[in-house]
Amino acid sequence: MSMDRTVYGMLSLCFRMILGVVFLYAGIVKIIDPAGFALAISNYRILPDILVNAVAIVLPFLEVFAGAALIAGIVIPGSSLVVTGLLLIFFCALFISLVRGLDISCGCFSTSYRADPVTWLYLVRDGTLIFMGGFVFFFDQGMFSLEKYLCSRKT
Amino acid sequence: MVRRCCKEKLFHTMYQVIVLVILSIAVSVLVNALRPEGLIWMQVTQPPGTFDIESITPDEAWVLLSDNRIRFVDARSALDFYQGHLPGAVNVPHKDMDKAFMQLKSIVQSGSTLVTYCDDPECTLGLELARLLKNSGIDTVKVLTAGWAGWYEAGYPVEESMEGGAG
């Protein structure tokens, strides 16, 4: 039982770091070029125009904060739920645009429209990350968690 | 007992999510207000992200074209270009951007401003091309937001030919 817990904890720690780095990087790239990201969102033609800029402004920061929280091990249940929820939304957006046959860029890790045209491989990548997010949400043991460390020092 | 624990955990998690969302909104509002290239929150009149590229109307473009001060760059496909394009336009679809870059650069060096366009305001290929050119170091680039349709409806002349392709 405790062996299982250790394995789950180690795996969850790995997934936390992977997701954390991925989200931190993706968020920073978008913060640098909000106009490019707005264009990438608008190309999906899913959101009404009036919401495009608001999402382009806020979403990158949510990615950065959730990613940083996962790496540091603060509010792990909340941040893993945010990350998994965002990945599910991205999955739906990618799926819809692939079915509609839109020739657009992903806007995932670059705001340039030529960098990464959407393919079915993106769904596989996104699905893998969703699995990691779910795993962290359900099985994280708080290894190398700043929150846990601070709480244990208090008591 | 178990149910109460789960309920507490769920409540705790939702609380964390709300904190993360509120924190993100607060910081993004602040950063967007402070940065010079910040976006306008709610925007419907122009395509999103146009603020870094100057937009030009068909009337303004016609005046500048008459003075030979601009050169149109058609961001649509070769087929669309063949069926009709703006006077003197160079056809640069996405995939031909690298091939056409030197040609566009020499046009700019000769003193002309590039004006990209696509079909209509709904199509963002012209804007995307303009952004790409700007990122590649060509500063004198504008976008004809009204596009081919806006130009045509305004009654200005158009051309039909294969000439002007990017290579």
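Any value given below was found using the heavy atoms of this structure, including those in side chains, with hydrogens, waters and symmetry copies removed. Here the structure is a predicted model, which means the values were calculated and not measured. Letters go in sequence order (proteins before strands), and every chain restarts at 1.
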Is it true that, when you exclude [X] itself, more than 12 heavy atoms of the residues, nucleotides or ligands shown sit nearer than 6.0 Å to its [atom1]?
X      : atom1 : answer
B:R69  : CZ    : no
B:Y156 : OH    : yes
A:M17  : CE    : yes
B:Y152 : OH    : no

For a 4.5 angstrom cut-off between non-hydrogen side-chain atoms, does [X] reach [Y]?
X     : Y     : result
B:H12 : A:V75 : no
B:W41 : A:N53 : no
A:E63 : B:S24 : no

- Note on the structure: When every non-hydrogen atom of B:R131 is compared with those of A:D33, the smallest separation belongs to NH2-OD2, 2.9 Å

Measuring from atom [atom1] of [X] to atom [atom2] of [Y], what distance do you get when rounded to the nearest 0.5 angstrom?
X     : Y     : atom1 : atom2 : value
A:F61 : B:L30 : CZ    : CG    : 9.0 Å
B:T13 : A:I76 : OG1   : CD1   : 11.5 Å
B:I53 : A:L39 : CD1   : CG    : 10.0 Å

- Query: Can you list the residues that meet the side-chain contact (heavy atoms from CB on, under 4.5 Å) rule with A:I89, with sequence neighbours excluded?
  - Reply: none

- Residue list, side-chain contact (heavy atoms from CB on, under 4.5 Å) with B:I25, at least two apart or on another chain: A:V58, B:V21, B:V29

Are [Y] and [X] connected in a single hydrophobic cluster, I mean Ile/Leu/Val/Met/Phe/Trp/Tyr linked by side-chain heavy atoms less than 4.5 Å apart?
X      : Y      : answer
B:L104 : B:F72  : no
B:V63  : B:V143 : no
B:L132 : B:I56  : no
B:L64  : B:V73  : no
B:V158 : B:L65  : yes

- Message: Other members of the hydrophobic cluster containing B:V19, with the 4.5 Å side-chain heavy-atom rule, please.
- Response: B:Y15

- Item | Max heavy-atom pair count under 4.5 Å with chain B, selected residue of A:P77, A:A69, A:P48 | A:P77

- Message: Please identify, among A:V82, A:I41, A:I57, the residue contributing the most non-hydrogen atom pairs under 4.5 Å to chain B.
- Response: A:I57

- Message: Working note: A:F65 + B:V27, criterion side chain to side chain contact (heavy atoms under 4.5 Å, CB included); need CA distance, chi angles, decisive distance, verdict.
- Response: CA-CA 10 Å; A:F65 286 128; B:V27 175; 3.7 Å; yes

Which atoms of [X] approach chain B - backbone, side chain, both or neither, heavy atom under 4.5 Å:
X     : answer
A:S79 : both
A:L62 : both
A:L59 : neither

- Task: Could you please spell out the steps behind the side chain to side chain contact (heavy atoms under 4.5 Å, CB included) verdict for A:I74 and B:Q16?
- Result: CA-CA 10 Å; A:I74 313 164; B:Q16 293 178 350; over 6 Å; no

- Task: Name, in order of residue number, those residues of residues 109-119 of chain B that have a heavy atom at a distance of less than 4.5 Å from a heavy atom in chain A; otherwise write 'none'.
- Result: none

